[in-house]
Structure formats: structure tokens, C-alpha cells
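One structure below.
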Number of protein chains: 2
Amino acid sequence: MAISKKEEFSKDDIWLADIAKALSHPARIRILKILTELNSCMVGSIVDQLPLAQATVSQHLKELKRVGLIKGEIDGPKVCYCVNQPVLEKAKKQLDKLFTTIGCC
Amino acid sequence: MAISKKEEFSKDDIWLADIAKALSHPARIRILKILTELNSCMVGSIVDQLPLAQATVSQHLKELKRVGLIKGEIDGPKVCYCVNQPVLEKAKKQLDKLFTTIGCC
DNA sequence: ATAATATATCGTATATTTACGATGAACGAT
DNA sequence: ATCGTTCATCGTAAATATACGATATATTAT
């Protein structure tokens with residue numbers, strides 16, 4: 001695509017677009033829900049509930065981690081992932097702000 | 001990516017992911033704001049405010065239209081775009097539901 | 001009819017995303 | 001030390017997204 005023009009927009013818009021990108025695959029939305037549903041948050045448990053290979057799930061987790069929506073703590077050979085509430089709250093706030101700005105509700 | 005697995009998720013998750021995808025570029029977030037700010041919503045007015053070529057803006061409008069977030073009415077040689085409130089409201093509702101589900105606020 | 005204006009679409013180049021198998025790295029148990 | 005388990009990363013292939021110039025289409029004005 002030649003050179004990306006994304007950086008020429010406002011910080012806020014770039015940040016929110018990036019959060020939206022992290023939410024733009026059903027697997028990643030499902031993962032967020034699974035992390036909430038399960039007491040355990042091992043990667044294996046997530047893989048079990050998705051129609052995707054372990055390597056693919058790992059990539060999706062990486063994308064969610066990249067924007068800060070989840071965080072992972074190493075626990076022996078396992079990794080325990082969970083939703084990162086502060087970022088989630090910021091995302092909700094910014095999305096609400098956008099919807100208000102563009103006249104919703 | 002070989003064959004997409006997106007269809008193997010729930011309708012709701014697919015729909016919300018698709019809305020998120022439409023919001024996943026700062027230009028498209030900016031466009032939604034511009035459509036609200038401007039009394040006029042001609043494509044030309046939008047192009048003037050973005051660092052992108054007309055063809056590129058047209059593509060972004062197409063993506064927003066694809067998911068129903070905006071609609072365009074032909075007005076002579078011009079096209080008047082505006083935010084599609086019902087879809088916007090559904091998007092907000094579904095996003096709120098997601099955030100509530102995953103424990104936010 | 002012709003010209004000017006507004007927008008969409010086509011063609012194309014490059015970047016990024018999605019998916020997977022295979023491999024590697026880290027840890028716990030034997 | 002070796003083995004099994006858990007997860008990330010590498011390499012790779014195909015799909016999709018982004019960007020633009022050029023062109024097509026449609027309407028209004030002359």
C-alpha cells in the first residue's frame with residue numbers, strides 16, 4: 001500500500017483505531033469472553049474452545065497484548081492471561097466519547 | 001491466510017468484529033466525526049480535510065457503508081453521506097454488552 | 001452536443017493479516 | 001540429564017487492506 005498515512009491523524013484517533021483493530025476478529029472477541037468465563041486462563045484452555053491451531057491463537061493473544069487489552073503472567077511452563085481492566089476502561093470511555101461525538105444516543 | 005475461519009464463530013461476534021474492523025483505521029474514525037461536524041457531507045468536503053487522495057477516501061467510505069455505519073444519498077452529481085444512527089446505536093449497544101460481559105465498569 | 005464537476009471503480013503495487021506446521025525455549029517431573 | 005508439557009516464534013502461503021493514478025459514469029451547466 002505504498003506508505004501508510006495512519007500517522008498523519010490525531011493520537012486519539014490512532015489509539016482508538018488500534019483498539020478497534022484488536023477487536024476486529026471474532027476469535028479475539030471470543031478470547032476476551034473466554035478469559036472472563038474461565039477461572040483458568042491458560043493458553044491451552046483457550047485453544048480448546050477455538051477452531052484454531054495453537055500457533056494461531058498465540059498470534060491473536062499477541063495482538064490483544066500489543067494494545068494492552070490483556071496481560072499474561074508466566075506461571076511455570078504455563079502462561080496465565082487475563083483482561084487488563086484499566087485499558088479496557090479507557091477503551092470503553094473513548095468509544096463512548098466517539099459515539100457521543102457522532103450523535104449516538 | 002489459507003482459508004478464513006471467521007465464519008466458525010457466533011453471528012454476534014462476527015458482526016461486532018466487522019463493526020470494529022470498520023473503525024480500525026483513523027481515517028474512518030475521522031470521517032465519522034467530519035460527517036457530524038459538517039453541515040455539508042459531500043465527498044469533496046471530506047477529501048479536503050484528509051491527507052488522502054479522493055480514490056482512497058472513496059474506498060474508506062465504501063467500507064463504512066459496507067457495515068452500515070453510514071449511508072449515502074445521491075444528490076445530483078454529488079453524494080451526501082451521513083451517519084446511520086440505527087446501526088450506530090446497535091453498535092454502541094453491542095459494544096457496551098461486550099464490555100459488561102468482560103467485566104468492564 | 002460539449003464541457004465541467006463529482007464520485008466510483010479499475011488496475012496495480014506494497015503492506016499487513018490470518019492461518020498453520022515445525023521448531024525452539026522454558027519449566028517441572030522423573 | 002532426559003522427557004513431557006506449555007507456549008512463543010519462525011517460516012511460509014494465501015487473503016485482505018491501503019494507497020494512488022487513471023479512467024469511467026453520471027449530472028449539471030453552457
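Every chain is numbered from 1 and lettered A, B, ... according to where its sequence line falls, protein lines coming before strand lines.
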To the nearest Å, give me how far apart NE2 (A:H25) and P (C:dA19) are. 4 Å
Starting from C1' on D:dA19, measure out to CD on A:E8 and report it in whole angstrom. 12 Å
Check the phosphate of C:dA19 against A:H60, side-chain N and O only, distance under 4.0 Å to OP1 or OP2. Yes or no? yes
Could you tell me whether the side chain of A:V79 reaches within less than 4.5 Å of the side chain of A:E73, counting heavy atoms only? no
Just the rounded figure in Å: distance from C1' of D:dA13 to NZ of B:K5. 15 Å
Atom CZ of B:R30 and atom P of D:dT18: how far apart are they, to the nearest Å? 18 Å
Rounded to whole Å, please give me the gap between CD in B:E73 and P in D:dT27. 15 Å
Give B:L52 one of three labels, base, sugar-phosphate or nothing, depending on what nucleic acid heavy atoms sit under 4.0 Å from its own. sugar-phosphate
Rounded to the nearest 0.5 Å, what separates atom CD1 in B:I46 from atom NE2 in B:H60? 11.5 Å
Over how many whole Å does the gap from B:I3 atom CD1 to D:dA15 atom P extend? 8 Å
Name of the residue among B:L32, B:I31, B:I34 meeting side-chain contact (heavy atoms from CB on, under 4.5 Å) with A:I102: B:L32
Pairwise side-chain contact, A:H25 with A:R30, heavy-atom cut-off 4.5 Å (strictly under): no
Gap separating the CG atom of B:L23 from the CG atom of A:L95, nearest 0.5 angstrom: 7.5 Å
I'd like to know if the side chain of B:R28 and the backbone of B:K21 have a donor-acceptor N/O pair within less than 3.5 Å. yes
One character per nucleotide, please: for nucleotides 1-11 of chain C, 5' to 3', B when the base has a protein heavy atom closer than 4.0 Å, S when only the sugar-phosphate does, - otherwise. -----SBBB--
Value in whole Å for how far the P atom of D:dT9 lies from CD1 of A:I74: 10 Å
In whole angstroms, the gap separating C1' of D:dT18 from NZ of A:K21 amounts to 13 Å
